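Only a predicted model underlies this, so the values are computations on that prediction, with no experimental measurement involved. Letters A, B, ... mirror the listed sequences (proteins, then strands); counts begin at 1.
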2 protein chains.
Amino acid sequence: MNKRRITSKELAKLAGVSSATISRAFSPDSRIGSATRDRILSVAREHGYQPNAIARSLNNQRSRLVALVVNAIGNPCEAEEQQLLVHRLQARQLLPIILCCADHDDRLQLMRLASTYQVDHVVVFSDMVSMQDAVDIFHTTKPIIVSFEPLENENVSNIRIDGSAAADEIIEKIVNDGKKRFAYLSGTKSSWIDKLRRKWFADALAKRGLAIEAEAFGDYTYDSGFKEAVLLLHRSKVDAIICGNDVMAIGARDAARRLLGKNTPDDIAIVGQDGIAMAAWDCNDLTTLSLDHVAFIDAVVDLIERHDADLPGPHSITLTCNARWGSTA
Amino acid sequence: MNKRRITSKELAKLAGVSSATISRAFSPDSRIGSATRDRILSVAREHGYQPNAIARSLNNQRSRLVALVVNAIGNPCEAEEQQLLVHRLQARQLLPIILCCADHDDRLQLMRLASTYQVDHVVVFSDMVSMQDAVDIFHTTKPIIVSFEPLENENVSNIRIDGSAAADEIIEKIVNDGKKRFAYLSGTKSSWIDKLRRKWFADALAKRGLAIEAEAFGDYTYDSGFKEAVLLLHRSKVDAIICGNDVMAIGARDAARRLLGKNTPDDIAIVGQDGIAMAAWDCNDLTTLSLDHVAFIDAVVDLIERHDADLPGPHSITLTCNARWGSTA
DNA sequence: TCCGTTTGTGTAATCGTGTACACAATCATG
DNA sequence: CATGATTGTGTACACGATTACACAAACGGA
């Protein structure tokens, strides 16, 4: 128990071959006699030998580690994608290292630490990280996979999201229902993706001679949605709130209903963004601007695979969002 | 751009020293002239040098990687703990590798893959993994940190949870409210922790001459909570459902309310377990048997630190749960 | 001044694989 | 049967750091 892991050289001695042959036995297509391989694999199983991935990485210059930079783990607005991606990576024998950090400086520090582990790929889900920072830190690794922010850089692939059409549909419906005064509740003060999303709705409103009348900033959590909605509804008479994500929308809905007795969709319309599973729960039934998570992760995985196969150049993929109708708008 | 990472030997040449001295410059307490260190660090910064953690790990026999075995990432019943733990690990310069897999065989395969990376610690959050499997796979690493299942093994530290008192309180209240017929909705068919939790409630009922009348099995998700509650309520006339976690409880509540018009707590009592943040949201307001997540993760981190410092022997810590009152029971 | 201790640095081995190269044995082919 | 291709294996080095050991210089106390 607790004894040292057996090494390839030791196994070589046990099997009466050289350590090179051990290595070959574990490489799918390498010149080795099938009898030798079988014998080695059997001896290996017997002694619990597994090649040391750290040593292999050092030699290969490939760690098969992937850094996932995320805002938070708990927040459902990202969790579904994280979950999907982790599964897909694991199926490809890639191991995800999670980097998750609230504070800006810490996050850079953390990314530097991860870069030290020679990660093969980097996926940035967090909108709190500037792509330039990511490139500076990981420029020695091969191209970076980015989720949203486009950046002119040979190392950066990205995925663009277009929700303008869906936002237009949603605004159309709400305006037809007689609502006129819109508020936008952002998820962050200054993230690239948040501004983009806001613009989709602002454009749809402008098209109809309307505008965002009131504005607030949260942090993508239920509590912030609740709190900011209360403040918002006290200081202005809006009858529709577009929220930066679904969780904040649920918070805003609760605040309106509980503290001000306003119900959706009659008294007030509330719209979320992301299209997480929870938004469709019976108790929420949210109208939301939804992104197809599977398609999204498919795209990410596609970029990673291109990258893993050393295919040239970064790529860009565009996905469009859909409206998902609930009873809140 | 995209140029190879500079190596310690190259930096040594640039700084006019040997590579050993480079290494010393990056080791906090090693014999090196402070002038030399400053010069090296400055040259290093200039050329973007960072020691290669893979190479260091190979030499050190310490990877500073931690494997986190979890049921799922998206499910809030674990997510809060995962989030907390990841933060705490990162603060200690430990990088978490997430292992998350639905299928049993895949999970073992995955754990083997991770063991290959010489992880320093293993935290098993998942109740789907037998501790014996974990020990077999990771026996070459130093002791394993385990969350729940106790196992007599010199490599396994664990955290025991005691919710019997809190379960008793909750049952007391529900019985006082006039409920008599209890159902238990499990999270899994055969996990150690699930049986333990069920026992807390069964004992509390037995003390009052009652018993679990009906039973069902879900998978810790909202959908399974919803679906199983419908089946349960159709086949038996229970007036209280104890659920394996909060998310299933929310599903069960929705099912009762929507499909059968039964409201909590008057028509039916519903109890969750975990005490996740979402349970306290205004729209849920769940009564739940809650575990203090911070205390829990403190305990995990404590075990890891002991372990990291090579302190002898595995340890065991017991935490007690509390009742958290909402309007569902 | 002399000797023992401390300080700073270089040399070389080590961690566990993968693989280029060399070479012997086997095989196919005419 | 001769020859060239193919197959199987061993030797030796590389990957990039850490560290035991050696040694020179500086230093302190008598």
[N] base to [X] side chain: any donor-acceptor pair below 3.5 Å?
{"X": "A:R24", "N": "D:dG10", "value": "yes"}
{"X": "B:R31", "N": "C:dG8", "value": "yes"}
{"X": "B:N59", "N": "C:dT14", "value": "yes"}

Exercise for the section: Tell me what B:E10 touches on the nucleic acid: a base, only sugar-phosphate, or nothing, going by heavy atoms under 4.0 Å. Expected result: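 No contact.
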Please determine if a side-chain N or O atom of [X] lies less than 4.0 Å away from the OP1 or OP2 oxygen of [N].
{"X": "B:Y49", "N": "D:dA17", "value": "yes"}
{"X": "B:S19", "N": "D:dG16", "value": "no"}
{"X": "B:S8", "N": "D:dA17", "value": "yes"}
{"X": "A:T21", "N": "D:dG10", "value": "yes"}
{"X": "B:T7", "N": "D:dA17", "value": "yes"}

Practice task
Please check if the side chain of B:Q90 supplies one atom and the backbone of B:H87 the other of a donor-acceptor pair under 3.5 Å.
Solution key: no
Problem - A:R62 versus A:S57, side-chain donor and acceptor atoms under 3.5 Å - result: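 Judged by distance alone, the side chains do not pair up.
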Problem - Side-chain H-bond candidate by donor/acceptor type, B:S27 with B:S30, under 3.5 Å - result: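 B:S27 vs B:S30: no donor-acceptor pair found between side chains.
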Practice task
Please step through salt bridge (charged side-chain N to carboxylate O under 4.0 Å, His left out) for the pair B:D298 and B:R88, ending with a clear verdict.
Solution key: CA-CA 9 Å; B:D298 278 348; B:R88 306 285 290 274; 2.8 Å; yes
Problem - Residue whose nearest DNA chain C nucleotide is more 5′ - B:Q61 or B:S18 - result: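 Checking each residue's closest nucleotide, the 5'-ward one belongs to B:S18.
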Problem - Matching residue for A:Y220 among A:N71, A:D127, A:N75 - test: side-chain hydrogen bond (donor to acceptor under 3.5 Å, both in side chains) - result: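 Among A:N71, A:D127, A:N75, the one that satisfies the side-chain hydrogen bond (donor to acceptor under 3.5 Å, both in side chains) with A:Y220 is A:D127.
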Rounding to a whole Å, what distance do you find between [X]:[atom1] and [N]:[atom2]?
{"X": "A:D29", "N": "D:dG8", "atom1": "CG", "atom2": "C1'", "answer": "16 Å"}
{"X": "A:Q118", "N": "C:dT17", "atom1": "CD", "atom2": "P", "answer": "19 Å"}
{"X": "A:R62", "N": "D:dC15", "atom1": "CZ", "atom2": "P", "answer": "17 Å"}
{"X": "B:I32", "N": "C:dT6", "atom1": "CD1", "atom2": "C1'", "answer": "16 Å"}
{"X": "A:R64", "N": "C:dG18", "atom1": "CZ", "atom2": "C1'", "answer": "15 Å"}
{"X": "A:N60", "N": "D:dG16", "atom1": "CG", "atom2": "P", "answer": "12 Å"}
{"X": "A:K9", "N": "C:dG18", "atom1": "NZ", "atom2": "C1'", "answer": "13 Å"}
{"X": "A:L58", "N": "C:dT14", "atom1": "CG", "atom2": "P", "answer": "17 Å"}

Problem - Residue A:A20, side-chain heavy atoms: nucleotide from D:dA12, C:dG18, C:dC15 that is nearest - result: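 Selected nucleotide: D:dA12.
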Problem - From D:dT18, D:dG16, D:dG10, nucleotide with atom closest to A:V17 side chain - result: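 Looking only at heavy atoms from C-beta outward on A:V17, the closest nucleotide is D:dG10.
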Problem - Distance, nearest 0.5 Å, that separates OG of B:S191 from CE of B:M128 - result: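 Rounded to the nearest 0.5 Å, the OG-CE separation comes to 7.0 Å.
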Handout entry: Under-4.0 Å salt bridge between A:D308 and A:R92
Key = no
Practice task
Go through residues 33-44 of chain A and report each residue with a non-hydrogen atom lying under 4.0 Å from DNA chain D, sorted by number.
Solution key: A:G33, A:T36
Handout entry: From CA spacing to verdict: ring pair (Phe, Tyr, Trp, His ring centres under 6.0 Å), A:Y49, A:F26
Key = CA-CA 11 Å; A:Y49 171 80; A:F26 283 88; 5.4 Å; yes
